[in-house]
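For reference, the structure discussed in these notes is given below.
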Amino acid sequence: MMRSTTFSLFSIILLLSISWNANSESVHESFLQCLLSHSHPDNPISNAIFTPQNLSYSTVLQSYIRNLRFNTTSTPKPLLILTAKHESHVQAAIICGRKHALQMKIRSGGHDYEGISYVSNVPFFILDMFELRSVDVDIESESAWVQTGAILGEVYYRIAEKSKSHGFPAGVCPTVGVGGHFSGGGYGNMMRKYGLSVDNIIDAKMVDVNGRLLDRKSMGEDLFWAIKGGGGASFGVVIAYKISLVHVPEIVTIFRVERTLEQNATTIVDHWQHIADKLPEDLFIRLIVDVVNTTQNGEKTVRATFIAFFLGGSERLLSIMNESFPELGLAQSDCIETSWLQSIFFWTDLSIDTPTDVLLDRTPALVYLKRKSDYVKEPIPKEGLERIWKRMIELERPTMIFNPYGGKMAEIPSTETPFPHRAGNLWKIQYKADWNEAGTEAANHYIDLTRKLYNFMTPFVSKNPRQAFLNYRDLDLGINHNSDLKASYLEGRVYGIKYFKGNFNRLVKIKTKVDPENFFRNEQSIPLFPY
Ligand SMILES: Cc1cc2nc3c(=O)[nH]c(=O)nc-3n(C[C@H](O)[C@H](O)[C@H](O)COP(=O)(O)OP(=O)(O)OC[C@H]3O[C@@H](n4cnc5c(N)ncnc54)[C@H](O)[C@@H]3O)c2cc1C
Ligand SMILES: *[C@@H]1O[C@H](CO)[C@@H](O)[C@H](O)[C@H]1NC(C)=O
Ligand SMILES: *[C@@H]1O[C@H](CO)[C@@H](O)[C@H](O)[C@H]1NC(C)=O
Ligand SMILES: *[C@@H]1O[C@H](CO)[C@@H](O)[C@H](O)[C@H]1NC(C)=O
Ligand SMILES: *[C@@H]1O[C@H](CO)[C@@H](O)[C@H](O)[C@H]1NC(C)=O
Ligand SMILES: *[C@@H]1O[C@H](CO)[C@@H](O)[C@H](O)[C@H]1NC(C)=O
């Protein structure tokens, strides 16, 4: 009796699992057939489809994994990767993905810190955008159409190829993808002068949930607003953005100056806190704080690295520094004059003489990583800085990168784009831990250290909400299970308010209107309005 019950339970489970497998296999098969049926002879889709049966499936999957935490055998894998080569492939992905109720992950440069562009806990496929990466620069109108599969290095290279006096304000890492970067805000070292990438976007092309290809005019101002900082993946697939170029002088100046605690770092950091957001807009001085060994007796100290970008020559820079920040003791010999394009290498720790076509190189050096973010509204008292240094020395690994705001950032109203962190923010903190050891034990260890530093910083940073930057994706802020409408909305509010503050409500309204069935969803997408 006992035995037969066990047996029948077992056979039920077996039968269930066989039928589930058969069912899911047939879903995959019919999904594939659906994609193929949308092929057009001019733009055949079959050579853009990679299933696990195709030999290069793993290579394609891995080629845009940018956080080694998600490059393990246990990381969930997509049923299929579609490397869209034409807008019609994007349309097919949406139409067939909806028809077969499959989750679609959109990946451009793959730099999402939590890998949400290529990992999911439910059956999913990847729409990969790297084949759609044209950059068409028109100097006469001082604008460019940039496809979302392009990387920032390509954008910079193509602009400089046509003009030495134009540039674009976006991130300092050339391998970051346009798709995630622009749709999530996008900042770089010209932010104090020109604002974010999204502050310089004038048109877009996207495919909506019905497979329609829209531009700014046909999508309307609400949706256009949403995809300039609200994260594209909640609203549709952005194919391209039209950007407005900005002016850069032929000579810019950069410097990097390091000071340890023994070299009065605390006093200098304290001064930086009071001037960094008030300096002329042409000057951006990032501050990196990390823990290093002292040369004597192997003790640890804190090092403050000031790394700057100035839209002008070293003479004017030195006079500004002498007037506003003499404590740093900047010398002419610290300054490097170069072109805007070459200066990009300096920010990636490459020699500024690196041949410019290296900017077209799509593969960065890879590590395991965790990131978090914060905003600071008031200078931290000196005594607070000293306590932070002590805690950093205990934790050792996580570093902090302070990016000053002010200038143009403080002039743009916080409702102008979904990105809300404008006037009133002195600087943003990025918490950063990189490591090279494989395995969950190492990952848990370094993630835990990063969270500890973040927790320690609570009294010094923004509150109610504790603000965060969408492009520094952090699943610690909450995960959406996209299930019950009301639960999903409440989950979405938790991280949504941190990323978007008051703009969250408008994003929810737009989302509910343009994607009422929540096809475009992910772990931190904008939820639907449930009431
Ligand atoms: C090394 C490194 C340096 C960085 N430096 C900076 C910096 O200087 N400034 C800064 O602001 N940020 C920086 N970031 C963060 C970066 O901006 C974000 O991770 C950004 O989202 C990456 O864009 P992506 O296309 O490479 O990422 P992906 O992982 O491809 O995408 C990120 C998110 O956007 C969605 N998405 C991607 N493409 C599309 C599309 N075409 N349509 C709709 N949704 C889309 C994805 O589904 C995902 O949700 C950096 C990140 C890394 C890893
Ligand atoms: C993957 O394999 C299928 C079946 O053999 C084939 O039709 C398709 O073209 C392959 N994909 C690529 C990108 O070659
Ligand atoms: C990612 O994982 C694959 C498979 O284990 C491995 O071959 C590859 O080297 C890994 N990539 C990196 C950059 O470590
Ligand atoms: C640190 O500051 C003290 C007093 O302000 C000064 O005497 C000393 O020279 C400074 N040290 C360095 C390395 O700048
Ligand atoms: C710092 O010193 C420790 C030993 O105290 C050593 O393990 C570590 O490798 C050193 N780090 C660097 C960057 O030299
Ligand atoms: C720095 O400023 C002081 C006075 O504020 C002035 O005497 C000095 O000449 C200036 N030095 C430079 C290099 O501008």
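Order of appearance sets the numbers: ligands from 1, and atoms from 1 within every ligand. Atom set for the values below is all heavy atoms of this structure, side chains included, hydrogens, waters and symmetry mates excluded. Model, not experiment: these values are computed from the prediction.
For atom 5 (O) of ligand 3, the protein comes within 4.0 Å by no heavy atom at all. For atom 2 (O) of ligand 2, the nearest protein heavy atom is under 4.0 Å away.
A salt bridge between Asp222 and Arg506 is present, with a side-chain N of the basic residue lying under 4.0 Å from a carboxylate O of the acidic one. In summary, Arg107 and Asp128 engage in a salt bridge, as defined by a charged side-chain N under 4.0 Å from a carboxylate O. Between Lys408 and Glu281, no side-chain nitrogen of the basic residue sits less than 4.0 Å from a carboxylate oxygen of the acidic one, so the salt-bridge criterion is not met. Taking 4.0 Å as the cut-off between side-chain N and carboxylate O, Glu221 and Arg216 count as a salt-bridged pair. The pair Lys105-Glu523 meets the salt-bridge criterion, with a side-chain N (NZ, NE, NH1 or NH2) lying under 4.0 Å from an Asp/Glu carboxylate O. Asp515 has no carboxylate O lying under 4.0 Å from a charged side-chain N of Arg98, or vice versa, which leaves the two without a salt bridge. Using a 4.0 Å cut-off between charged side-chain N and carboxylate O, Asp374 and Arg466 make a salt bridge. Remark: Arg371 does not engage Asp474 in a salt bridge, criterion side-chain N to carboxylate O under 4.0 Å.
Among all non-hydrogen protein atoms, the one lying nearest atom 14 (O) of ligand 3 is Leu68 CD2, 3.8 Å. For atom 7 (O) of ligand 3, the closest non-hydrogen atom of the protein is Gln62 OE1, 4.4 Å. Looking from atom 10 (C) of ligand 2 to the surrounding protein, the closest heavy atom is Asn54 ND2, 2.4 Å. What sits closest to atom 8 (C) of ligand 2 on the protein, heavy atoms only, is Ser46 O, 3.6 Å.
Relative to atom 44 (N) of ligand 1, the option among Ser525, Gly188, Ala233 with the closest non-hydrogen atom is Ala233. The heavy atom nearest to atom 11 (N) of ligand 3, considering only Thr75, Ile65, Asn71, is found in Asn71. Nearest-residue assignment for atom 34 (O) of ligand 1 (options Gly236, Gly179, Gly180, Gly110; heavy-atom criterion): Gly180.
For the pair Gly186 and ligand 1, a heavy-atom separation below 4.0 Å is found. The closest approach between a heavy atom of Arg371 and any atom of ligand 1 is not below 4.0 Å. Close to ligand 1: Phe469, with a non-hydrogen atom less than 4.0 angstrom away. Not close to ligand 1: Lys105, with no non-hydrogen atom less than 4.0 angstrom away.
At under 3.5 Å, a nitrogen or oxygen of Asp112, whether backbone or side chain, sits near a nitrogen or oxygen of ligand 1. Residue Ser108 has at least one N or O atom closer than 3.5 Å to an N or O atom of ligand 1. Here's the thing with Gly177: one of its N/O atoms is less than 3.5 angstrom from an N/O atom of ligand 1. Taking only nitrogen or oxygen atoms, main chain and side chain alike, Tyr472 does not reach within less than 3.5 Å of ligand 1.
For the residue pair Tyr472 / Tyr431, no side-chain donor-acceptor distance below 3.5 Å is found, with atom types taken as modelled. In summary, the side chains of Tyr241 and Asp203 do not present any donor paired with an acceptor at a separation below 3.5 Å, with no hydrogens or angles considered. His481 and Ser488 share no donor-acceptor pair across their side chains, judged by distance under 3.5 Å alone.
If you run ring-ring contact (aromatic ring centres under 6.0 Å, His included) between Tyr375 and each of Tyr405, Tyr499, Phe402, only Tyr405 comes through.
If you look at Thr148 next to ligand 1, the close heavy atoms, those under 4.0 Å, all belong to the side chain. With a 4.0 Å heavy-atom cut-off, ligand 1 is reached by no atom of Arg66.
The contact set between ligand 2 and Asn47, taken as ligand atoms under 4.0 Å from a residue heavy atom, comprises 13 (C). Close approach of ligand 2 to Ile49 is summarised as follows: ligand atoms under 4.0 Å from at least one heavy atom of the residue are 1 (C), 10 (C), 11 (N), 12 (C), 13 (C). Close contacts between ligand 3 and Leu366 involve ligand atoms 13 (C) [criterion: under 4.0 Å to a heavy atom].
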